[in-house]
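Have a look at the structure below before the remarks.
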There are 2 protein chains.
Amino acid sequence: MSIPPDAFFLDRTDGLSLQVQLRRQIIAAVTAGRFRPGEKLPSTRALADHLGVARVTVAQAFAELVSTDYLASRDRSGHYISETVEHRIEAGPTSPTAPGFDWDSRLDGRFAQARRSDRTRDWRRYAYAFVYGQADPELVDHAAWRDCAMRTLGRREFDAVTGDLYDADDPELTDHLARQILPRRGISAGPGEILLTMGAQNALWLVAQVLLRPGASYAIEDPGYPGLREILAASHARVLPVPVDAQGLPPSAIPPGIAAVFTTASHQCPTNSTMPLPRRKELLAQAQARGFVVVEDDYEFEMSFAGAPSPALKAIDRAGAVIYVGSFSKSVFPGLRLGYVVADPRFITEARALRGMMLRHPPGHMQRTLAHFLSLGHYDAQANRMRRAYARRRAVMAQAIAEAGLQPAAPNANGGSSFWLTLPPGLDSGRLAELLKTRDVLIEPGRPFHADPRDGGGFYRLAYSSIAAERIPEGIRRIADAIREMQAQ
Amino acid sequence: MSIPPDAFFLDRTDGLSLQVQLRRQIIAAVTAGRFRPGEKLPSTRALADHLGVARVTVAQAFAELVSTDYLASRDRSGHYISETVEHRIEAGPTSPTAPGFDWDSRLDGRFAQARRSDRTRDWRRYAYAFVYGQADPELVDHAAWRDCAMRTLGRREFDAVTGDLYDADDPELTDHLARQILPRRGISAGPGEILLTMGAQNALWLVAQVLLRPGASYAIEDPGYPGLREILAASHARVLPVPVDAQGLPPSAIPPGIAAVFTTASHQCPTNSTMPLPRRKELLAQAQARGFVVVEDDYEFEMSFAGAPSPALKAIDRAGAVIYVGSFSKSVFPGLRLGYVVADPRFITEARALRGMMLRHPPGHMQRTLAHFLSLGHYDAQANRMRRAYARRRAVMAQAIAEAGLQPAAPNANGGSSFWLTLPPGLDSGRLAELLKTRDVLIEPGRPFHADPRDGGGFYRLAYSSIAAERIPEGIRRIADAIREMQAQ
């Protein structure tokens, strides 16, 4: 039997070429079982006429499908669905028939419950999206990344890209990290002290799994990074929140008997305050004296606007008690999913073994492409460009915030890619966020950052990493208007 | 002060272009602090003369470094190390000074202990590497993958590649998986029943973390997949090994009171036996009657050589008790690190939340590139090419094994990319592997596959996924010779 031309159509609004669309359509029909092996396709002329495309377009699509075994061509008689094509196995309906398996009694939901649920996935559809940690197409050097990716896909690097590295890292990326990035934080580390991860979130997960012990307790900053609280909550860890002040985490307030403290010293999340050097030394002295581990999440260190960034805790850690967590995502793009841990070789050995059984290793292609991005200077160029753009936006934000009378919660904070603000008494940032959504504005309510949700209602975060400077003033105005209306109610 | 031409050199044996080498060299010197801000570089002519390259090569390297802020050029007076370049923070030595932090008392080493340690990382250096699960450059359609990666890096797909997807997957990849891949296993599943993972290892890890409960016990195949045993051992799960026979896992031998059973029904790992349909139905009937979960690791389903592959357990699972794990790594390349879980939506919701806090999501670039690789038919073409090549190699292997008098442990096994063999009584496969290493041959000893290491000594695995057919006979001969020598001792 033969397939009529009417079985085909093209969508000229689709971004894909007509030839590609035709190929995808035939493949989809074959795999779905609509086109069966041995069935004859229309002639290239008939199909070209029907679709209103050049005959060569159809001929090229057919030729490609012959080369991929979807079609067979018989001299003079045309093209047929290949007999060798693997198609669906008919195994009858798979929809569960009663009695269904009792999943509810087997799932305790601890991961879904611990997960933060306030993310807005379609943030790009909002005109004034003050969302944190997303990429701005204007700031990413797309062409350079593409160039590095192509380099990586050259024959020469085939093995590095396609092989199973077991639990190893790409030595080139580790090398550039150690020579180009870590020295800027004052850290000198050898390969045995470095583990590459799937971003900072994965690094914090690995660190927590290796450190956590039943019955032990762990200090975190309050407010603090929600992603860390998720991990600790899901792991049923005993967590002691320590209120931060204008200088970040106060060492004197760290409760006795803890096994480790998690801190964002360079840019406290979410207040953006920077821990001064004396306090850093005090924190390390206490870690030494009281024998607890210090986990330093040094996210966004590139985004410091108050002169040179101060050295990382890891850089002045004499005892080796600091586990350093860094990420490339903020300064390349979040979808990269590459970060790293720098710590004592004994800790890295254990974390590497865990990563190996968890996911083996980050994809070789991503690792090697980033290594090129670093070694050719693109990373620095992009980080510089981002820093300049963020500095501009930060100035626009500060002025707009002042003019609109919004209240910064941490006045002296001068880093990161966001502002942490406080609401007039009695107002709730969750309700504010909902109201603003109806006005094309996205903000981050404070609740997920606070150990006690009741505390978070009075705060909110405004990030500017993915909103253009010229849109900021109007966005801030809308926030101020919404707050005034809520007060008036 | 100015930098002398002698500070530069080029390596013409290096695969990188001279211009790129020069750029990397200057960047490395700056970040290492050897070249300081304000220092003057040699003139392009002087440096070109010194290096013996065209002046334009040096000029281009300098121009690129100016654009990336490493160099500044002053009219007529030449190039200088940029004043704005961020260089190392001097924070003094970071090597731990006594008293060092006591890590030993804080690490229980359970991950390092559970990890399989018999991998040979430099397997490519062996002429006869019968190693499992590595890529063969001859079988991977490198050009097609490159083409798909290029497509993905086009402007149109920027968001999908660079954005933080939170805990979501690339809908295009999920769609092609559901429409093109799963139907071949008889599985029909919607997006809510699918979770993308960092390969099958990551899928098994996620499944285990969601399923495992203190005090519960879990049945695994013996011999079985070492990667799974690693995970269960590190998680301190109570594991009950079930001896497999020529038809894989015998349902009647599954001990009472287990919460879940892990099986490789299509190609039992490592014996390669295939579970017949009646036994599959019996296994599912027992899961239904006794209320345990069935975790189906369907790795290598594309590599079945005995006619059409039988439907997956998931395809004939009426109750919804099966958690299906698949991987793209075997049929694209291992470094891809992409796999998937298909299960009840309630289970997927929980596993997705865990993945979100563990690593957010697989890199968008890899996901979208694979979606193109699938939608354009390259995946099928490559799987077909691999299947043909493996079938050839398998025939060569079978003949060579028969001629050399080696003893297959599972005669009727007819799938996968490896053979499972047994040694004459009294011989140890670990010692055999060591001996063969000295003769340019790599084999996999049986120990890591067995619950009781004493059982594994009599077995070994020979994989042919990354050894050319023409090398196989000589490799097998060397193995047979070594065995004879060990017997003679």
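Predicted model only: the values in this text are computed from it and were never measured. Each chain gets a letter, A, B and so on, in the order its sequence line appears, and its residues count up from 1.
- The shortest side-chain heavy-atom distance between Thr197(A) and Leu206(A) falls under the 4.5 Å cut-off.
- A donor-acceptor pair under 3.5 Å links the side-chain atoms of Gln180(A) to the main chain of Leu374(A), judged by distance alone.
- Most heavy-atom pairs under 4.5 Å with chain A, from the set Gly163(B), Ala135(B), Ser105(B): that is Gly163(B).
- Residue Asp141(B): no heavy atom, backbone or side chain, is found under 4.5 Å from chain A.
- Both the backbone and the side chain of Arg115(B) come within contact range of chain A, with heavy atoms under 4.5 Å apart.
- Between chain B and the options Tyr379(A), Tyr166(A), Trp145(A), heavy-atom pairs under 4.5 Å are most frequent for Tyr166(A).
- Judged by distance alone, the side chains of Arg337(A) and His365(B) never bring a donor and an acceptor atom under 3.5 Å apart.
- Formation of a donor-acceptor pair under 3.5 Å by the Lys314(B) side chain with backbone atoms of Val322(B) is found in this model.
- There is no contact between Gln367(B) and chain A, counting heavy-atom distances below 4.5 Å.
- Neither the backbone nor the side chain of Val332(B) comes within less than 4.5 Å of any heavy atom in chain A.
- In this structure, the portion of Leu165(B) lying under 4.5 Å from any heavy atom of chain A is its backbone and not its side chain.
- Salt bridge Arg346(B)/Asp102(A): absent, no basic N to carboxylate O contact under 4.0 Å.
- In this structure, no portion of Thr369(B) lies under 4.5 Å from any heavy atom of chain A.
- Listed options Leu338(A), Asn202(A), Val161(A) were ranked by heavy-atom pairs under 4.5 angstrom with chain B; first place goes to Asn202(A).
- Under the rule for a ring pair (Phe, Tyr, Trp, His ring centres under 6.0 Å), Trp205(B) has no partner lying at least two apart in sequence or in another chain.
- Most heavy-atom pairs under 4.5 Å with chain A: of the set Gly291(B), Ala216(B), Gly364(B), this distinction falls to Gly291(B).
- For the set His378(B), Arg385(B), Arg151(B), Arg360(B), the entry with the most heavy-atom pairs within less than 4.5 Å of chain A is Arg360(B).
- Gln201(A) and His361(B) are not linked by any side-chain donor-acceptor pair at a separation below 3.5 angstrom, with hydrogens and angles left out of the test.
- Note on Ala234(A), Pro362(A), Pro137(A): by heavy-atom pairs under 4.5 Å with chain B, the leading option is Pro137(A).
- In this pair, Trp103(B) and Phe347(A) present their aromatic rings tilted. The plane angle is within the 30 to 60° band.
- Every residue two or more places apart in sequence or in another chain was checked for a side chain to side chain donor-acceptor pair (under 3.5 Å) with Arg213(A), and none qualifies.
- Between the side chain of Glu350(A) and the main chain of Ala112(B), a donor-acceptor pair closer than 3.5 Å is present.
- Note: Asp108(A) leads Asp108(A), Leu182(A), Val20(A) in heavy-atom pairs under 4.5 Å with chain B.
- Most heavy-atom pairs under 4.5 Å with chain A: of the set Ile231(B), Val293(B), Leu204(B), this distinction falls to Val293(B).
- Proximity to chain A (any heavy atom under 4.5 Å) is shown, for Asp167(B), by both the backbone and the side chain.
- Interface residue Ala114(B): backbone and side-chain heavy atoms are both found under 4.5 Å from chain A.
- Comparing Gln382(A), Glu64(A), Arg124(A), Arg352(A) by heavy-atom pairs within less than 4.5 Å of chain B, the highest count is held by Arg124(A).
- Both the backbone and the side chain of Arg110(B) come within contact range of chain A, each with at least one heavy atom under 4.5 Å from a heavy atom of that chain.
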Apply side chain to side chain contact (heavy atoms under 4.5 Å, CB included) to residues Glu230(A) and Gln113(A) and explain how you reach the verdict. CA-CA 9 Å; Glu230(A) 285 177 12; Gln113(A) 281 154 27; over 6 Å; no

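- Heavy atoms only, all atoms of each residue included: Glu157(A) and Thr152(A) are closest at CB-O, 3.5 Å.
- Between chain A and the residues Ala203(B), Gly356(B), Ala321(B), Ala381(B), the largest count of heavy-atom pairs under 4.5 Å involves Ala321(B).
- In this structure, chain A has heavy atoms under 4.5 Å from both the backbone and the side chain of Leu107(B).
- The choice from Met358(A), His176(A), Arg106(A) that makes the most heavy-atom pairs within less than 4.5 Å of chain B is Met358(A).
- Proximity of a side-chain donor or acceptor of Glu193(A) to a complementary backbone N or O of Asp344(A) within less than 3.5 Å is not detected.
- Asp147(B) places no side-chain N or O within donor-acceptor distance of the main-chain N or O of Ala143(B), the cut-off being under 3.5 Å.
- Between chain A and the options Gly154(B), Ala259(B), Ser466(B), the largest number of non-hydrogen pairs under 4.5 Å is found for Gly154(B).
- Only the side chain of Gln134(B) comes within less than 4.5 Å of a heavy atom in chain A; its backbone stays farther off.
- Looking at Ile27(A), the atoms closer than 4.5 Å to chain B (heavy atoms on both sides) all sit in the side chain, from C-beta outward.
- In this structure a side-chain-to-backbone donor-acceptor pair under 3.5 Å is missing from Arg355(B) to Ala351(B).
- Looking at Leu211(A), only its side chain comes within 4.5 Å of chain B, counting heavy atoms on both sides.
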